[in-house]
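These notes concern the structure reproduced below.
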Amino acid sequence: MKARVFSGVQPSGDLHIGNYLGALKNWVRIQYDYESIFCIVDLHAITIYQEPAALRAKIEEIAAIFLAAGIDPKHSAIMVQSSVPAHAELAWMLTCVTPVGWLERMTQYKMKAESQETVGDGLLQYPVLMAADILLYQAAIVPVGEDQRQHLELTRDLAQRFNSLYGDTFVMPETHLPTVGARVMGLDDPEKKMSKSASGSGHAVALLDPPVQARKKIMRATTDSLPAVDFDNLGAGVANLLGIFQALSEWPENRMKKHFAGMRYGELKKQVAEMVISHLEPFQKRYHEITSEAGYVASILREGAERVAPIADATVELVKKRMGLYTLS
Ligand code: TRP
C-alpha cells in the first residue's frame with residue numbers, strides 16, 4: 001500500500017508563482033508516488049473574517065488552479081475541508097487533549113493575533129484543526145513550507161499525547177519540506193517570502209494575473225545598486241529573479257551562470273518575465289477550459305469528498321471508541 005500524503009491550502013488571497021514553485025509543482029510531481037489528498041481548508045480561512053461570496057468563489061478557483069497545474073483528479077483527491085464533517089469533529093476531540101499553553105506559544109498565532117482587533121478563539125485553535133486534518137487520514141507525509149514546521153511539530157506532539165492517554169491510535173506524520181525552487185521572495189521586498197495576502201501590488205505574480213500585468217510587476221522588481229548580474233555579489237532581489245527563472249526553466253547552475261553573468265538588470269527582468277509568461281499562458285488556458293465547463297469543478301470536489309469521507313469517518317469512530325464517547329455501531 002502506498003503511503004498517504006495530505007496537504008492543505010487556505011482559500012484566501014491569490015495563489016502566486018511562489019505557491020506554484022514552492023508547493024503545487026512539488027505536489028504534481030510526487031502525487032503518483034503516494035495516495036494523495038489535497039484539501040482546500042475553508043474552516044481555517046474563517047479563523048479570520050472572510051466575505052462569504054468571495055470565500056465561496058475562491059474555493060472553486062483554487063480547485064481549478066490545482067487541476068490546471070496538473071493535479072490529476074483520477075488519482076488524487078481534491079476536496080474541501082468543510083465538506084467532510086469529520087474534520088471539525090476530530091478537531092474538538094483533539095482540543096480536549098491540547099494544553100492551552102501549547103497554542104499560545106505558536107508564532108503564527110501570535111503574529112496573526114497582533115493584527116486583529118478582537119482575536120477569535122478559532123485563531124488559537126487553528127493548529128488543532130490542522131492536526132485533525134492530518135491525523136484523520138493517518139497521513140505519513142505532509143508537504144508544507146518552512147513556515148508550517150511548528151504546526152507540524154504540534155501535530156506530532158498531539159498525536160503522541162493522545163496515543164499515550166488513550167492507546168495507540170494515530171500514525172506519526174513526517175514533515176516533508178520541498179527541496180527545489182522552494183522559496184520565492186516578494187518582488188517588492190526580497191527579504192520576505194512571497195505572500196498570498198500581500199498580492200495586488202507589485203509584491204507577487206498571481207497565477208491568474210494577465211501576462212501584461214505579470215510583466216509589469218517583474219520589470220518593477222526591487223534589485224540593488226549594481227548595474228548587472230555579478231554571481232560573486234548577488235543581492236537578494238537579483239538572486240530571487242534568477243531563482244524564479246531557474247525553477248521554471250530547470251536549467252542547471254552552470255547554464256544559468258553562463259547565460260546571465262554580466263547581464264544588465266533590465267535585460268534580466270525581461271527574460272524572467274518572458275519565462276514566467278511562457279508558463280502562465282498555457283496554465284491560464286487550461287484554467288479557462290476547466291472553469292468554462294459548468295459544474296465540472298463542483299463535481300470534482302464532490303467526488304473528492306466522497307472518496308475520502310469513509311477514511312475520515314473511520315478515524316472519528318476509532319477515536320470515539322478510544323475516548324469512551326458513545327457510538328451507535
Ligand atoms: N496551515 C496551512 C497553511 O497555512 C494550511 C493547512 C491546513 C494545512 N491544514 C493543513 C497544510 C494540513 C498541511 C496539512 O499553509
Side-chain angles (χ1 to χ4, degrees), residues 3-16 18-24 26-27 30-31 34-48 50 55 58-59 62-63 65-66 71 76-84 86-91 94-95 98 103 106-113 115 122-159 170-178 182-184 193-199 204 304 308 311-312 315:
R4 200 171 281 144
V5 164
F6 183 97
S7 198
V9 168
Q10 285 200 55
S12 56
D14 296 321
L15 285 189
H16 51 63
N19 298 123
Y20 175 71
L21 292 171
L24 263 177
N26 195 42
W27 297 358
I30 64 169
Q31 64 181 327
Y34 301 98
E35 186 189 327
S36 311
I37 304 173
F38 301 113
C39 186
I40 301 164
V41 293
D42 56 348
L43 295 172
H44 277 105
I46 59 167
T47 56
I48 287 175
Q50 305 290 329
L55 176 60
K58 190 53 84 173
I59 292 166
I62 293 196
I65 285 178
F66 284 3
I71 302 288
S76 306
I78 301 176
M79 47 122 5
V80 180
Q81 188 182 32
S82 69
S83 303
V84 177
H87 288 255
E89 283 184 78
L90 182 61
L94 293 177
T95 290
T98 309
L103 300 177
M106 294 284 113
T107 52
Q108 285 216 340
Y109 166 70
K110 288 195 270 188
M111 268 160 43
K112 288 182 190 169
S115 61
L123 216 47
L124 186 64
Q125 304 302 321
Y126 183 111
V128 183
L129 179 59
M130 179 163 162
D133 295 340
I134 296 165
L135 299 176
L136 255 187
Y137 300 103
Q138 309 281 11
I141 297 187
V142 184
V144 287
E146 185 59 42
D147 60 332
Q148 296 299 312
R149 187 188 287 275
Q150 199 184 28
H151 288 159
L152 248 294
E153 271 158 23
L154 185 100
T155 301
R156 296 164 57 85
D157 289 345
L158 268 179
F170 293 120
V171 169
M172 218 44 84
E174 276 173 46
T175 328
H176 183 87
L177 298 169
R183 217 173 145 76
V184 177
K193 188 174 161 185
M194 192 176 273
S195 138
K196 272 197 295 184
S197 37
S199 65
V308 303
I311 310 169
T315 306

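Order of listing sets the numbers, starting from 1, for every ligand and every atom in it.
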- Task: Ignoring hydrogens and angles, tell me if any N or O in the side chain of K112 forms a donor-acceptor pair with the backbone of L124 under 3.5 Å.
- Result: no

- Task: Please assess T98 against L158 for the test side chain to side chain contact (heavy atoms under 4.5 Å, CB included), listing each intermediate value before the final yes or no.
- Result: CA-CA 7 Å; T98 309; L158 268 179; 3.3 Å; yes

Atoms of ligand 1, numbered as shown, that sit under 4.0 Å from any heavy atom of [X]:
| X | answer |
| --- | --- |
| V41 | 7 (C), 9 (N) |
| H44 | 7 (C), 9 (N) |
| Q10 | 4 (O) |
| F6 | 12 (C), 14 (C) |
| V142 | 13 (C), 14 (C) |
| V144 | 11 (C), 13 (C) |

Among protein heavy atoms, which lies nearest [atom], and at what distance?
| atom | value |
| --- | --- |
| atom 4 (O) of ligand 1 | Y126 OH, 3.1 Å |
| atom 9 (N) of ligand 1 | D133 OD2, 2.7 Å |
| atom 2 (C) of ligand 1 | Q148 OE1, 3.4 Å |
| atom 11 (C) of ligand 1 | G8 N, 3.4 Å |

- For the residue pair F38 and W27, does the interplanar ring angle fall in the parallel (under 30°), tilted (30 to 60°) or perpendicular (over 60°) class? parallel

[Y]/[X] salt bridge by N-O under 4.0 Å criterion:
| X | Y | value |
| --- | --- | --- |
| E153 | R156 | no |
| D42 | K58 | no |
| K193 | D147 | yes |

- Query: Are any of the side-chain heavy atoms of V308 and L136 separated by less than 4.5 Å?
  - Reply: no

- Which bit of L129 is near ligand 1, meaning a heavy atom under 4.0 Å away: side chain, backbone, both or neither? neither

- N/O separation below 3.5 Å, H151 to ligand 1: no

- Query: N/O to N/O below 3.5 Å, does that happen between S7 and ligand 1?
  - Reply: no

- Query: Can the ring centroids of H87 and Y137 be said to lie less than 6.0 angstrom from one another?
  - Reply: yes

- Looking at CD1 of I65 and CD1 of I71, how far apart are the two atoms once the value is rounded to the nearest 0.5 Å? 12.0 Å

